Chemist: 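Structure below; questions to follow.
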Amino acid sequence: MTGPRQTDYRVAIVGGGVIGLYTAYRLARAGAGRIVVLDRGSYLSNGASGRNGGGVRQQWETPETIRLAREAVEAYRRFGSEFGVNPWFRQSGYLFLADSPAEVERLQAVHRTVTQEGLPSQWLTPERVARLVPGLSTTGILGASYLESDGTLYPFPVVWGLFEAVQNLGVEVCLGTEVYRIAARDDRRLSVDGAHGRLDADIVVNAAGGWSSEVARRAGVDLPTRPVRHEICATEPLKPFLDPMVVRASDGLYFSQTMRGELVGGISVPHPEGLGPGMTTSAGFLVRYARAVLGLYPALRDLRVLRAWSGYYDESPDGLPILGADPSLPGLVHAAGFGGHGFMLAPAIGRLVAAAALGERTAELAPFAPGRFANPSAPVRNREKLSLG
Ligand SMILES: Cc1cc2nc3c(=O)[nH]c(=O)nc-3n(C[C@H](O)[C@H](O)[C@H](O)COP(=O)(O)OP(=O)(O)OC[C@H]3O[C@@H](n4cnc5c(N)ncnc54)[C@H](O)[C@@H]3O)c2cc1C
């Protein structure tokens, strides 16, 4: 454990994943004062930030998510020069396959929204899909949406680049420091009790990923996020054969080829909500994933899986992130509810959460305000549904 050096901070961030670290970076760059990041893991990236598929896309159902993703793509393009670490961001496209009239309708709506947002989305016929991805079976495919500037990156260099950058800016990052309790200390400050002992902070940011509702409970507030386990795997490497990330939203299938040659991907498998039974994998997932990939790519039948694992999506009721000040505990700021796409939004989220922590009022935060769920009897419309895996 690396404990905090002080007992007084302007901002304490609970969670040292990509969201907590990007927020710390933006705050430190804004000269926010003393900042500490507390993570209970004994190593960096023990949460979803070290367990994801590295997909970065701007094809979404809502303009709100598209705008966050678009800003993030620009940030990841300059990540190497800004942080001195190469995240191997490869913009080789995302291809969403439609395999029913309902999926055609849904993905054409996505295509129109993305186009209206000024991005050069394309609607492809099955023939164009076959030309774009040689070897892919287009049997049953009715069309596809495609955006070339989407892509993939390696999550670990991003987390490590941020970790080094924030430390160089004076931020303390403490590992092995679980937070047990957050409470109002007086009418201005919060106290944070944990494995480190106690510290005080003006602002506490809840950036605990799949544990965000649990951390909220430890602060005595309700946050309507829920952790849902998702599985993923990587195969042995092959020569480069696949450019875009291939997605079939109808069953949550996705796979891409990394620059090391591995095929990395997953598929939806129903898991009970909640934390447990751990971040392992299941035979059922591997069978389902293998059948789905081989249905589209029969030539991969001898490919062997090298590693499989899982992590938690932190789901919000309407599919949009929950960002900003908690309505009932002054000083507590949430950065939660990122589903299967927090990594690709992180640069934009970090900027917005830092603004919220500094008390800036920006219209950009309005659609993500925690208070939107304050009335439990008001119906919640699921707005952003294009989550995968
Ligand atoms: C299988 C899988 C595939 C995914 N694929 C993609 C993808 O392709 N693209 C994409 O953009 N996103 C993807 N995601 C989602 C993405 O990984 C997450 O949205 C993102 O990493 C969330 O970052 P975070 O910092 O909020 O959470 P995390 O990285 O989970 O960090 C939260 C941290 O909080 C710490 N913590 C929890 N409780 C406490 C406590 N009480 N005290 C102290 N610390 C605590 C944890 O130790 C953890 O390190 C995927 C996720 C999974 C599981």
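Quick caveat: nothing in here was measured; it's all calculated off a predicted structure. Computation of the quantities below employed the complete heavy-atom set of this structure, encompassing side-chain atoms and omitting hydrogens, waters and symmetry-equivalent molecules. We count ligands from 1, going down the list as the structure has it; atoms in each ligand are counted the same way.
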Chemist: For atom 50 (C) of ligand 1, what is the closest protein heavy atom, and at what distance to 0.1 Å?
Modeler: N52 CB, 3.2 Å
Chemist: What is the closest protein heavy atom to atom 27 (O) of ligand 1, and at what distance does it sit?
Modeler: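 It is G209 CA, 3.4 Å.
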Chemist: Take every heavy atom of G340, measure it against each atom of ligand 1, and state whether any distance is under 4.0 Å.
Modeler: yes
Chemist: Any nitrogen or oxygen of E178 lying under 3.5 Å from a nitrogen or oxygen in ligand 1? Just yes or no.
Modeler: no
Chemist: Judged on heavy-atom distance to atom 2 (C) of ligand 1, which of R229, R57, R51 sits nearest?
Modeler: R51
Chemist: Do you know which two heavy atoms are closest between Y312 and A48, and how far apart they sit?
Modeler: O-CB, 3.7 Å
Chemist: Using a heavy-atom cut-off of under 4.0 Å, does the side chain or the backbone of E214 touch ligand 1, or both, or neither?
Modeler: neither
Chemist: Go through the steps for V110 and W60 under the test side-chain contact (heavy atoms from CB on, under 4.5 Å), then give the verdict.
Modeler: CA-CA 6 Å; V110 169; W60 290 99; 6.0 Å; no
Chemist: Can you find an N/O atom of G55 closer than 3.5 Å to an N/O atom of ligand 1?
Modeler: yes
Chemist: Is Y312 in polar range of ligand 1, meaning some N or O pair under 3.5 Å apart?
Modeler: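 Y312 vs ligand 1: no N/O contact under 3.5 Å.
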Chemist: Taking all heavy atoms of E273 and all of R226, pick out the closest pair and write down the distance.
Modeler: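 Looking at all heavy atoms of both residues, the closest pair is OE2-NH1, 2.7 Å.
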Chemist: Side chain of Q167, backbone of V173: donor and acceptor closer than 3.5 Å?
Modeler: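 Not confirmed, Q167 side chain does not pair with V173 backbone.
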Chemist: Any atom of ligand 1 sitting under 4.0 Å from a heavy atom of G194?
Modeler: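 The answer is no, since G194 has no heavy atom less than 4.0 Å from ligand 1.
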Chemist: With heavy atoms under 4.0 Å as the rule, classify the contact between R40 and ligand 1 as side chain, backbone, both or neither.
Modeler: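 The part of R40 near ligand 1 is both the backbone and the side chain.
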Chemist: How far is atom 23 (O) of ligand 1 from its nearest protein heavy atom, and which residue and atom name does that atom have?
Modeler: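 Checking every protein heavy atom, the shortest distance to atom 23 (O) of ligand 1 gives S49 OG, 3.3 Å.
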Chemist: For atom 28 (P) of ligand 1, what's the nearest protein heavy atom and its distance?
Modeler: A48 N, 3.6 Å
Chemist: Report the member of G47, G50, A208, S212 with the shortest heavy-atom distance to atom 32 (C) of ligand 1.
Modeler: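 Shortest heavy-atom distance from atom 32 (C) of ligand 1: A208.
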Chemist: State whether the side chain of D200 and the backbone N or O of D8 hold a donor-acceptor pair below 3.5 Å, judged by distance alone.
Modeler: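 No, D200 side chain to D8 backbone: no donor-acceptor pair under 3.5 Å.
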Chemist: Is there a polar contact between ligand 1 and G342, counting only N or O atoms under 3.5 Å apart?
Modeler: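 Looking only at distances, the answer is yes, because the N/O contact criterion of under 3.5 Å is met.
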Chemist: Considering all heavy atoms of both residues, which atom of E117 and which atom of P63 are nearest to each other, and what is their separation?
Modeler: OE2-CB, 3.5 Å
Chemist: Taking the minimum heavy-atom distance to atom 34 (O) of ligand 1, which of G15, G54, S256, G17 ranks first?
Modeler: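 Nearest heavy atom to atom 34 (O) of ligand 1 lies in G15.
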Chemist: When you measure from the heavy atoms of A207 to every atom of ligand 1, does any distance fall below 4.0 Å?
Modeler: yes
Chemist: At under 4.0 Å between heavy atoms, is it the side chain or the backbone of V14 that contacts ligand 1, or both, or neither?
Modeler: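 Contact part for V14 vs ligand 1: side chain (C-beta onward).
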Chemist: Less than 3.5 Å between some nitrogen or oxygen of G53 and one of ligand 1, yes or no?
Modeler: yes
Chemist: What protein heavy atom is closest to atom 20 (C) of ligand 1, reported as residue, atom name and distance in Å?
Modeler: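 Result: F343 N, 3.8 Å.
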Chemist: If every non-hydrogen atom of S137 is compared with every non-hydrogen atom of I141, which pair is closest and at what distance?
Modeler: O-CG1, 4.1 Å
Chemist: For ligand 1, is any non-hydrogen atom under 4.0 Å from Y180's backbone (N, CA, C, O), its side chain (CB onward), both, or neither?
Modeler: neither
Chemist: What protein heavy atom sits nearest atom 42 (N) of ligand 1, and how far away is it?
Modeler: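 Ranking protein heavy atoms by distance from atom 42 (N) of ligand 1, first comes V179 N, 2.9 Å.
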Chemist: Using non-hydrogen atoms of the residue, decide whether V56 is closer than 4.0 angstrom to ligand 1.
Modeler: no
Chemist: Suppose I only count heavy atoms of L38 and a 4.0 Å limit; which atoms of ligand 1 are within that range?
Modeler: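 Here the atoms of ligand 1 in question are 43 (C), 44 (N).
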Chemist: Give me the atom names and distance for the closest heavy-atom approach of N382 to G319.
Modeler: OD1-N, 3.8 Å
Chemist: Enumerate the atoms of ligand 1 whose separation from the nearest heavy atom of T177 is less than 4.0 angstrom.
Modeler: 43 (C)
Chemist: Just to be sure I'm reading this right: ignoring hydrogens, which of Y43, Y313, Y254 gets closest to atom 52 (C) of ligand 1? Compare them by their nearest heavy atoms.
Modeler: Y313
Chemist: What's the shortest distance from atom 37 (C) of ligand 1 to any protein heavy atom, and which residue and atom give it?
Modeler: W211 CB, 3.6 Å
Chemist: Would a distance-only check, ignoring hydrogens and angles, find a side-chain to backbone donor-acceptor pair under 3.5 Å from S145 to L107?
Modeler: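 Side chain of S145 to backbone of L107, a donor-acceptor pair under 3.5 Å: no, none is there.
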Chemist: Could you tell me if the ring centre of Y94 sits under 6.0 Å from that of Y254?
Modeler: no
Chemist: Starting from atom 35 (C) of ligand 1, locate the nearest protein heavy atom and write down its residue, its atom name and how far away it is, to 0.1 Å.
Modeler: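 Its nearest protein heavy-atom neighbour is D39 OD2, 3.4 Å.
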Chemist: Where is the tightest heavy-atom contact between L142 and S100, given as atom of each residue plus distance?
Modeler: CD1-C, 3.4 Å
Chemist: Side chain or backbone of V18 under 4.0 Å from ligand 1, or both, or neither, by non-hydrogen atoms?
Modeler: both
